[in-house]
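In what follows, a structure is listed as structure tokens, so that the remarks can point back to it.
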Amino acid sequence: MDYLIDALLKACRLIITLDRELAVVVWTSLKVSLTAVVLASLVGVPLGFIIGAGHFRGKHQLEIALNTSMAMPTVVVGLIVYSFVSRRGPLGVYGLLFTPAAMIIGQFILAAPIITALSLSATKAVDMRVSETARTLGATAIQSAVATISEARYAVLVAVVAGFGRVIAEVGSAMILGGNIEGYTRTMTTAIALETGKGEFSLAIALGLILILIALTVNAVVQSFRLKRAY
């Protein structure tokens, strides 16, 4: 039990003193995950609106596919992307493997279905009279779409946060595509796995605490938006 207390104290010391190795790992995680989520949001939110508001053949099957892909294992995504960006893959000439770019691609594939599916649900929950009223007042199709998305902005925000939560905590694709290279592609989750394997619990615990703190902060922000809306 003493070693756990000792590791926890060392972890707190690493956080308080802003240990350089710790800071680099945290920054790499945030840089990769935020970039992937921003790109996934730019694609997923409009796509979710188009699917949610549209009426076309195969819509129900598409929704099933989206909901299924939300639970896709991270190691499977890593394996698929690896087959494309490895030296023998079709994108191998670009040298993407074991770079942050490859990790962003993998995390984009993980986050995009979640953001799309939840944005789709948010769009379907909006009263269609919002769109009809906007068009009656002379709004264009794009302006009408913006009005609908604005009405569902809190649900869309939750979708984006859910996508971020999915990628910041994943380890499978990050390990396969990033290679866990110190100072370059090592993220919080891959560093935790490495340090735990080495028996160095202090850095792993410090990173775990920061991960929990990030999740808590993000969810607190979302909850504050919800409370503002309620009042």
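Since we're looking at a predicted model, the values are computed, not measured.
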Non-hydrogen atoms of Ala101 and Leu96 that approach each other most closely: CB-CD2, 4.0 Å

Ser33 versus Gln107, side-chain donor and acceptor atoms under 3.5 Å: yes

Straight-line distance of Leu97 CG to Leu91 CG, nearest 0.5 Å: 11.0 Å

ILVMFWY cluster, Val158 and Ile114 together (side-chain gap under 4.5 Å): no

Shortest non-hydrogen contact between Arg166 and Leu110, atoms and distance: NH2-CD2, 3.5 Å

Any Glu21 side-chain heavy atom under 4.5 Å of Leu203 side chain: yes

Residue pair Leu213, Thr217: steps toward the side-chain contact (heavy atoms from CB on, under 4.5 Å) verdict: CA-CA 6 Å; Leu213 182 62; Thr217 302; 4.3 Å; yes

Distance, nearest 0.5 Å, that separates CE of Met72 from CD1 of Ile80: 5.5 Å

Residue pair Ala152 / Val126: nearest heavy atoms and the distance that separates them: CB-CG2, 3.5 Å

Leu39 and Ile104: CA distance, side-chain angles, deciding distance, side-chain contact (heavy atoms from CB on, under 4.5 Å) verdict: CA-CA 9 Å; Leu39 294 176; Ile104 290 171; 4.1 Å; yes

Residue pair Leu66 / Ile51, side-chain heavy-atom distance below 4.5 Å: yes

Spacing of OG1 belonging to Thr187 relative to CG belonging to Asn180, to within rounding of 0.5 Å: 7.0 Å

Closest non-hydrogen atom pair, Gly52 against Lys59: O-NZ, 3.2 Å

Min side-chain heavy-atom separation Phe56-Leu62 under 4.5 Å: yes

Val161 with Leu30, same ILVMFWY side-chain cluster at under 4.5 Å: yes

Interatomic spacing from CG in Leu118 to CG in Asn67 - rounded to 0.5 Å: 8.5 Å

Summary of ring-ring contact (aromatic ring centres under 6.0 Å, His included) pairs that have at least one residue in residues 160-201, sequence neighbours excluded: Tyr3-Phe201

Greater than 12 external heavy atoms within 6.0 Å of Tyr82's OH: no

Interatomic spacing from CZ in Arg186 to CD in Glu195 - rounded to 0.5 Å: 6.5 Å

Shortest non-hydrogen contact from Val43 toward Pro46: O-CD, 3.5 Å

hydrophobic_cluster_shared for Leu194 and Leu207, side chain cutoff 4.5 Å: no

Short side-chain donor-acceptor distance under 3.5 Å, Thr116 and Ser119: no

Worked verdict on Val32 versus Ile168 for side-chain contact (heavy atoms from CB on, under 4.5 Å): CA-CA 9 Å; Val32 170; Ile168 192 69; over 6 Å; no

Beyond-backbone contact of Pro100 with Thr185, side-chain heavy atoms, under 4.5 angstrom: yes

Donor-acceptor contact below 3.5 Å, side chain Ser121 vs main chain Ala117: yes

Interatomic spacing from OG1 in Thr74 to CG in Leu177 - rounded to 0.5 Å: 10.0 Å

Working for side-chain contact (heavy atoms from CB on, under 4.5 Å), residues Ile181 and Phe98: CA-CA 8 Å; Ile181 302 172; Phe98 303 142; 4.0 Å; yes

Closest approach of Val75 to Ile176 (non-hydrogen atoms, all atoms of both residues): O-CD1, 3.7 Å

Close side-chain approach of Asp19 and Arg13, heavy atoms under 4.5 Å: no

Hydrophobic cluster identity match, Leu34 and Ile109, side-chain contacts under 4.5 Å: yes

Charged N-O contact under 4.0 Å between Lys124 and Glu63: yes

Cluster link Leu8 to Leu22, ILVMFWY, side chain under 4.5 Å: yes

